[in-house]
2 protein chains.
Amino acid sequence: MAPHPPAPKSRRERPAKPALGHEVIVAAAVRIMRSEGLQRVTMRRLATELDTGPASLYVYLANTAELHAAVLEEFLGAVDLRPVTAPGDWRDRLASVLISYVGVLFDHPGLARSALVARPRGAHYLALLEGILALLDEGGVPAAQAAWGVDVLLQVATATAAEQSTRGEDAAAADDHSALARTLREAPAATHPRIAAIGEDLMSGTAEQRLRWTFRAVVNGALTTPRDPA
Amino acid sequence: MAPHPPAPKSRRERPAKPALGHEVIVAAAVRIMRSEGLQRVTMRRLATELDTGPASLYVYLANTAELHAAVLEEFLGAVDLRPVTAPGDWRDRLASVLISYVGVLFDHPGLARSALVARPRGAHYLALLEGILALLDEGGVPAAQAAWGVDVLLQVATATAAEQSTRGEDAAAADDHSALARTLREAPAATHPRIAAIGEDLMSGTAEQRLRWTFRAVVNGALTTPRDPA
DNA sequence: ACCTGAACACCGTTCAAGT
DNA sequence: ACCTGAACACCGTTCAAGT
């Protein structure tokens, strides 16, 4: 245990401060995301975590949206893509993949909201896209329709997760939801005949029931709707 | 022009400070929205506009999301609902209403983003809902399917406006978009055969072309997809 | 080239105190 | 009841200056 000389010139502090870089920055962001939620994944909080000033992060990230997209890309690794190659009905397998995607977003409130604005484009996202396209192809959806349809499927899934997770996040959003339900229930038939006729059904079902129907409907629509109208 | 006595006790300043209230607050918010954009519709900026402190606004608004929802509700008055009662193909008229809705959101960047989270529930929103439901009914979409379908249509329209208007808003988001296009173009066929096979088509078309196809596809899907799977 | 201290210009929300 | 000053606890981003 001979004491080494004071380490060649390195002025080390407590835990060896890691060199900055895209990878360590995103890793730190994911850490904060897991422990404190997306609302704490800010440039300033991240800089503190990395023991530097916020300005340093701008060498690697253009803005906060890009940071959030990078975090999302990381989390997309948790989407279960096994149904893509599993046996069984292709529609059911497609729904399973999309429900898994929604689940990942739903587990991390805030992430869905950012996904609508800054789309990721990393390996995990590409794999998800590829998987959905493979299933649509297996189901015989023409390529041109699948190309646009995959976007609709992801958009609906993401938007639903955004709404849903906001509602789970804060009480005000949940109140808002029931206030809308009440408003719809109370809409007078004289001025809003269709809303009155449909009534409760406008807000019925669980999120998953609605999503599963929506996925089936969008897939059926994509399957039967040509790109160029006659 | 006999000079009146100094106004009965009222300690008036420059322009008679308007009494606070939900209506004047929303009106001021709309004014700021028009002149400075949604990113300036903040509690603090609004308080300044109304010549008071931000705390005063919390008597009338629970939070910023509610404020943004109120502003959106105001702007929804600009959606063109005339196609609902016009002659012609119901699908085309439905698409026109939805395109008008997207247009309103698109003209006011940021509004669409907030619409995904805090849904409005005022008269303008109800009228939009009623109009879409009337058209779906005219087209013979079963009520149960229309009830859930209207949500999908509005969600897709809103999400598209959110993406699109973010892209128009700042250059970074636009770069992001072309970066995604490049990533997709360069995806190797060995690992991503479907992406490679479809290629350019994944990002092809104008926003309006894609939206019109999407609306048709969703409507067709809603028309033919029963709520309870066999 | 890479990194950063410090500053600029803001935020939402709460709460004790006033009228 | 309604309103508010002041405070608490933060933000994103830029830029001149350092290494």
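Each chain gets a letter, A, B and so on, in the order the sequences are listed, and its residues count up from 1. As the structure is a prediction and not an experimental result, all values here were calculated from the model.
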Watson-Crick or G-U counterpart of D/dT14, or none if no pair lies under 3.5 Å: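 Because both required distances fall under 3.5 Å, D/dT14 counts as paired with C/dA6.
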Watson-Crick/G-U partner (both atom distances under 3.5 Å) of D/dT19: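 C/dA1 is the nucleotide pairing with D/dT19.
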Atom of A/Glu36, atom of A/Arg45 and distance for their closest heavy-atom approach: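 For A/Glu36 versus A/Arg45, the nearest heavy atoms are OE2-NH2, 2.7 Å.
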Residue whose closest nucleotide on DNA chain C lies nearer the 5' end, A/Arg44 versus A/Val59: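 Closer to the 5' end of DNA chain C: A/Val59.
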Integer-rounded Å distance: [N] [atom2] and [X] [atom1]:
X	N	atom1	atom2	value
A/Leu61	C/dC2	CG	P	14 Å
A/Asp51	C/dC3	CG	P	14 Å
A/Leu67	D/dT13	CG	C1'	14 Å
B/Tyr60	C/dT13	OH	P	18 Å
A/Leu57	C/dG5	CG	P	12 Å
B/Leu50	D/dC2	CG	P	17 Å
B/Leu20	D/dA1	CG	P	18 Å
A/Gln39	D/dG12	CD	C1'	17 Å

Inter-nucleotide P distance (D/dC8, C/dA9), Å rounded: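 Each nucleotide's P atom is 23 Å from the other's.
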Check: A/Arg210 main-chain N/O paired with A/Thr214 side-chain donor or acceptor under 3.5 Å: yes
Which listed nucleotide ([options]) is nearest to the side chain of [X]?
X	options	result
B/Thr42	C/dC10, C/dC3, C/dG12	C/dG12
A/Pro54	C/dT14, D/dT13, C/dC3	D/dT13
B/Ser56	D/dC10, D/dC3, C/dG12	D/dC3
A/Ala55	D/dC2, C/dC3, C/dG5	C/dG5
B/Met43	C/dC10, D/dC3, C/dT13	C/dT13
A/Asn63	D/dT4, D/dT13, C/dT13	D/dT13

Touch class at under 4.0 angstrom, heavy-atom based, for B/Thr64 against every strand present: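 Result for B/Thr64 = sugar-phosphate.
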Side-chain donor-acceptor contact under 3.5 Å, A/Tyr101 with A/Thr158: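 Yes - a donor-acceptor pair under 3.5 Å links their side chains.
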Plane angle bin for B/Trp148 and A/Trp213 - parallel if under 30°, tilted between 30 and 60°, otherwise perpendicular: perpendicular
Separation between CG of B/Leu133 and CD1 of A/Ile198, rounded to the nearest 0.5 Å: 4.5 Å
Pairwise 5' ranking along DNA chain D for A/Ala65 and A/Arg40, keeping only the more 5' one: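 Residue closer to the 5' terminus by nearest nucleotide: A/Arg40.
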